[in-house]
Amino acid sequence: MRDVLRRLTDALGRGREQIVCQVVETRGSTPQKAGALMVVDTGGGQAGTLGGGCVEAEVKQKAIRRIGEDGAEIHAFVLDHDYAWADGLICGGKMVIVTEAVRGPAPLAYFARYRRVLDAGEGFTEAVVVDPERAGLPVGTRFLFDHEGTLAASWPADRAPGRLTEHLAALAERPRPGVRGGVAFLPSLPRVRLVIVGAGHVGQGVASLAAQADFEVWVVDDRHQYANAERFPDAARIVVGPIDEVLPALEITPQTYALIVTRGHGHDQEALYHLAPTVAPYVGLIGSRRKIRLIFDSLRQQGIADSALGRVTAPVGFDIGSQTVPEIAISIVAELIARRNLGSQGLAPRAIAADSDPCVPTPAPS
């Protein structure tokens, strides 16, 4: 999404007309969910995706025909039509997509603000009119609310009607997209920061996948030769230094997850000593059950409360029969996504290597 918005605002800033295509409502099984964004330029190039296949191709054709036109248009697709067969989209679902050609300073100001709110990572909700009769506003009218529910931008309207805010759900409730009062509400939950303690093979694999899944990745290690931008190009921050000095100084918030994948039991224990008592809603520790039991026993002797240790997810990763480092990374990131998207119900500790020690079947660095 950030790349799509960057390309959109850059093009608008250069005076180039763009066509914004956005999924505003879905029902049943669909290749993309509400909020997905695609931008098409006048030459047919695109950024972002609506799920590919025939739906995306048809929307793109319709979008290009709107070049130079004013106002938005709604398109609905039921994915059990004959045209969907060739692309394997017989999902039985429904997608509603709004398209609009945009140009000039007004949409540039709106999407530039959208980009800044997205980059802040605190979450927001976009509201898009899809039923003008119920909403009393033109199709495609957009409102952007920040993480506190305050109107941050609107276009083309200059203010949000009071009845609109009545339907706005607090992000703390983890709302899902939905249409209320003729308006599609598209929440984006706060971005989760993932602190990976350990810059070895597993940490590197997790960092790459987690960044693609829109986690803000921080990497902590005491070795410059491993914790560097060359090995972690997608990391938002890399902190090099002794664990017992670095971790106490890090800001750990309720939007911070921590994953401990260092090269040794001693480092794991040191990291868990500092992270288990924090407010981080997810603290994960890689390793065998025997290793984890020994570390927990030692930390209890150091005064770490059972309540803090009881919050630790260990071993980490969903049980998918992982053997290689990429497989282990996939199992861990899948668990992180489940925790983020489903809350605590998405967390059920599963050993990726339940009885082996060490659990990473690769030579150092690990």
Side-chain angles (χ1 to χ4, degrees), residues 1-25 34-48 50 59-60 62-75 96-165 167-168 177 179-188:
M1 179 68 81
R2 290 195 295 274
D3 182 60
V4 175
L5 286 172
R6 177 185 59 78
R7 293 177 62 173
L8 172 60
T9 54
D10 288 352
L12 291 175
R14 294 193 297 270
R16 298 179 180 176
E17 183 176 15
Q18 303 287 289
I19 304 94
V20 174
C21 311
Q22 187 174 28
V23 180
V24 291
E25 182 183 5
L37 188 68
M38 178 177 76
V39 174
V40 180
D41 62 34
T42 55
Q46 74 178 65
L50 303 181
V59 170
K60 189 172 180 179
K62 293 177 181 293
I64 291 174
R65 290 200 292 268
R66 294 201 61 78
I67 293 173
E69 300 290 333
D70 292 325
E73 188 174 14
I74 291 288
H75 310 281
V96 178
I97 297 168
V98 62
T99 62
E100 182 170 10
V102 298
R103 67 193 82 84
L108 172 59
Y110 176 84
F111 287 108
R113 179 60 173 163
Y114 190 127
R115 183 179 170 185
R116 290 194 296 271
V117 171
L118 177 65
D119 286 341
E122 296 178 314
F124 60 90
T125 301
E126 186 179 30
V128 183
V129 173
V130 295
D131 186 333
E133 293 186 2
R134 295 181 62 196
L137 293 164
V139 169
T141 302
R142 294 173 179 269
F143 303 93
L144 185 69
F145 298 91
D146 66 16
H147 65 287
E148 295 179 336
T150 302
L151 183 66
S154 60
W155 172 70
D158 59 358
R159 65 175 63 88
R163 63 183 180 278
L164 184 70
T165 57
H167 295 293
L168 189 67
V179 176
R180 298 180 288 277
V183 178
F185 290 86
L186 309 172
S188 179

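The analysis underlying the following values was restricted to heavy atoms, covering all of them including side chains, and did not include hydrogens, waters or symmetry mates. Here the structure is a predicted model, which is why all the values come from computation and not from measurement.
Partner of Tyr110 under the side chain to side chain donor-acceptor pair (under 3.5 Å) criterion, out of Arg142, Arg115, Glu126: Glu126 alone.
The distance from atom CG of Asp10 to atom CG of Leu108, rounded to the nearest 0.5 Å, is 9.5 Å. The structure places CD of Glu25 at 10.0 Å from CG of Leu186, a figure rounded to the nearest 0.5 Å. In this structure, Ile19 CD1 and Arg65 CZ are separated by 12.0 Å, a value rounded to the nearest 0.5 Å. Rounding to the nearest 0.5 Å places CD of Gln22 at 9.5 Å from CG of Leu50. Remark: Glu100 CD to Asp70 CG distance equals 8.0 Å, nearest 0.5 Å.
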Residues 35-46, side-chain donor-acceptor partners within the protein, below 3.5 Å, at least two apart:
| unit_1 | atom_1 | unit_2 | atom_2 | d |
| --- | --- | --- | --- | --- |
| Asp41 | OD1 | Gly43 | N | 2.9 |
| Asp41 | OD1 | Gly44 | N | 3.0 |
| Asp41 | OD1 | Gly45 | N | 2.8 |
| Gln46 | OE1 | Lys60 | NZ | 3.2 |
| Gln46 | NE2 | Gly48 | O | 3.0 |
| Gln46 | NE2 | Glu56 | OE2 | 3.1 |

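Contact check for Phe145 versus Thr165: side-chain heavy atoms found under the 4.5 Å cut-off. Val117 places none of its side-chain heavy atoms less than 4.5 Å from the side chain of Ser188. In this structure, Asp146 and Glu122 have side chains that are not in contact, with every pair of non-hydrogen atoms separated by 4.5 Å or more. Residues Trp155 and Val102 meet the side-chain proximity criterion, which asks for heavy atoms closer than 4.5 Å. Residues Phe143 and Val183 form no side-chain contact, since every pair of their non-hydrogen atoms from C-beta on lies 4.5 Å or further apart. Between Thr99 and Arg66, the closest side-chain pair of non-hydrogen atoms falls below 4.5 Å.
Formation of a donor-acceptor pair under 3.5 Å by the Arg113 side chain with backbone atoms of Ala153 is not found in this model. A donor-acceptor pair under 3.5 Å is formed between the side chain of Glu17 and the backbone N or O of Gly68.
Annotation for Leu118 and Phe124: closest pair CD1-CE2, 3.6 Å, computed over non-hydrogen atoms.
Heavy atoms from other residues, nucleotides or ligands lying under 6.0 Å from CZ of Arg159 number 12 at most.
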